[in-house]
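What follows is a short report on a single structure.
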Amino acid sequence: MYTFDHDLFLLLNFDGGKAMDFIMETISGTVMWLPLYFFILAFMWYKYGWQRALAYVLCLALAIGLSDIICGIFKHSGPLKHLWESFPVRHRPMFDSAVRDLCHVTSYAHGPYGTVSAHAATTVALAWMSALAIRRKWYNWVIAVAVILICYSRIYLACHFPMDILIGAVVGSVCGLSIYFLWKKFDVVVAKQRK
C-alpha cells in the first residue's frame with residue numbers, strides 16, 4: 001500500500017488535549033449535526049411540499065447508503081464486503097505499524113481498515129445533494145465548513161489517512177451528484193403531473 005500521505009497525516013494529527021479530543025469526537029459523531037439534518041428536511045418540505053420532499057429524502061438516503069456500501073467494499077465490511085476480496089486493504093493510522101506509535105489516538109473502538117473513508121463519502125454525498133437542492137450561497141458555506149470539519153476530525157482521531165478522505169470524497173461526489181440528477185428527473189415529472 002502507498003505511504004506518500006503519511007507525512008501529511010502526521011502533520012495534521014496531534015495531541016490537542018482532552019478538550020480538543022472531545023470537540024473532534026463530537027464533530028465526528030451524529031448528534032451535533034442533527035439540527036442541520038432537520039433544517040434540510042424542513043427546507044425541502046417548505047420549498048417543494050411533502051410529496052416531493054419525501055422523494056428527495058428517499059434519494060438522499062439512497063445516496064448516503066450507496067456511498068457507505070461502496071466504502072465498505074474497499075474496507076471489506078458491510079453487505080458487499082466479499083465483492084472485491086482481492087483488494088488490498090489499508091489499515092487505519094491507529095493500527096498502521098508505520099505511524100501508530102507516532103500518532104495521537106483517542107479511541108481504538110474502530111474496525112482495522114480505513115480505506116475508503118465512509119465519513120467523507122457520506123458527508124460529501126449529503127453536501128452535494130443538499131447544496132444543489134437548497135441553492136443558497138450561505139448554505140454552501142455552512143455545508144462546506146461542515147464537510148471540512150468532519151473530514152479533518154477523522155484525521156485528528158487517527159481513523160484515516162488523507163488519501164482515505166480524498167477517495168471517500170470522490171465516492172461521495174459520484175453518488176451524491178448521480179442521485180441528485182436522478183431525483184431532479186423524477187421531480188420534473190412529478191411537478192408536471194401536478195400542474
Side-chain angles (χ1 to χ4, degrees), residues 1-41 60 64-65 67-72 74-78 88-131 134 136-173 175-176:
M1 258 304 166
Y2 49 86
T3 60
F4 61 84
D5 59 348
H6 283 190
D7 289 340
L8 179 58
F9 165 76
L10 290 171
L11 180 69
L12 296 171
N13 172 271
F14 63 95
D15 185 352
K18 289 185 178 180
M20 184 73 161
D21 291 353
F22 175 78
I23 290 167
M24 287 298 155
E25 285 169 357
T26 302
I27 287 170
S28 199
T30 304
V31 175
M32 175 181 169
W33 303 107
L34 288 177
L36 176 64
Y37 305 149
F38 287 128
F39 168 78
I40 294 168
L41 296 176
L60 181 60
I64 291 171
S67 298
D68 188 56
I69 289 170
I70 290 171
C71 291
F74 297 102
K75 291 190 280 192
H76 302 300
S77 64
V89 291
R90 188 181 194 200
H91 282 97
R92 294 182 187 275
M94 65 179 69
F95 300 119
D96 189 300
S97 59
V99 298
R100 68 181 170 209
D101 295 330
L102 303 171
C103 67
H104 172 64
V105 180
T106 61
S107 169
Y108 289 92
H110 303 278
Y113 307 122
T115 297
V116 173
S117 171
H119 270 76
T122 55
T123 303
V124 169
L126 171 76
W128 278 115
M129 287 280 299
S130 59
I134 292 173
R136 299 288 190 275
K137 192 177 284 188
W138 64 266
Y139 178 79
N140 294 345
W141 282 104
V142 168
I143 198 68
V145 169
V147 168
I148 290 166
L149 286 173
I150 291 169
C151 289
Y152 174 68
S153 75
R154 304 307 289 166
I155 294 172
Y156 179 88
L157 297 171
C159 293
H160 295 292
F161 288 104
M163 278 305 295
D164 304 338
I165 300 291
L166 182 60
I167 298 168
V170 170
V171 169
S173 293
C175 293

Within 6.0 Å of CZ in Phe22, more than 12 heavy atoms from elsewhere: no
Check: Arg154 and Ser28 side chains under 4.5 Å, non-hydrogen atoms: yes
CG-SG distance between Asp15 and Cys103, expressed to the nearest 0.5 angstrom: 11.0 Å
Steps toward side-chain hydrogen bond (donor to acceptor under 3.5 Å, both in side chains) verdict (Ser77, Tyr113): CA-CA 9 Å; Ser77 64; Tyr113 307 122; over 6 Å; no
Pairwise distance OG1(Thr115) to NE2(His76) - rounded to 0.5 angstrom: 10.0 Å
Met94 side chain near Cys159 side chain, heavy-atom distance below 4.5 Å: yes
Phe39 side chain reached by Ile134 side chain, heavy atoms, under 4.5 Å: yes
Over all atoms of both residues, closest heavy-atom pair of Ala120 and Cys151: CB-SG, 3.8 Å
Rounded distance (nearest 0.5 Å) linking atom NE2 of His160 with atom CG of Asn13: 13.0 Å
Minimum-distance pair of heavy atoms, taken over all atoms of Met32 and Pro35: O-CD, 3.4 Å
Aromatic plane relationship, Phe161 with Phe9 - under 30° parallel, 30 to 60° tilted, over 60° perpendicular: perpendicular
Interatomic distance, Ile70 atom CD1 to Cys175 atom SG [nearest 0.5 angstrom]: 3.5 Å
Min side-chain heavy-atom separation Phe74-Arg90 under 4.5 Å: no
Whether Tyr108 and Phe95 hold their rings parallel, tilted or perpendicular, with breakpoints at 30° and 60°: tilted
Candidate list Asp68, Ile165, Ile150, Leu157, test side chain to side chain contact (heavy atoms under 4.5 Å, CB included), partner His119, passing option: Ile150
Under-4.0 Å salt bridge between Lys75 and Asp164: no
pair Met24-Thr106: side-chain heavy atoms closer than 4.5 Å: no
Side-chain donor or acceptor of Arg92 paired with backbone N/O of Gly111 under 3.5 Å: yes
Atom pair OH/CG of Tyr37 and Leu34 - distance to nearest 0.5 Å: 7.0 Å
Heavy-atom closest contact (Val124 atom, Ala169 atom, distance): CG1-O, 3.5 Å
Approximate separation, where rounding is to 0.5 Å, of Ile155 CD1 and Leu10 CG: 11.0 Å
Closest non-hydrogen atom pair between Tyr152 and Leu12, with its separation: OH-O, 2.6 Å
Trp128 side chain to Thr123 backbone, donor-acceptor under 3.5 Å: no
Student check: side-chain heavy atoms of Leu126 and Ile40 closer than 4.5 Å: yes
Side chains of Asp96 and His6 in contact at under 4.5 Å (non-hydrogen atoms): yes
Ala131 to Asn140 - nearest heavy-atom pair and separation: CB-OD1, 3.5 Å
Leu149 side chain reached by Tyr156 side chain, heavy atoms, under 4.5 Å: no
Neighbour count above 12 (heavy atom, 6.0 Å) for Phe4 CZ: yes
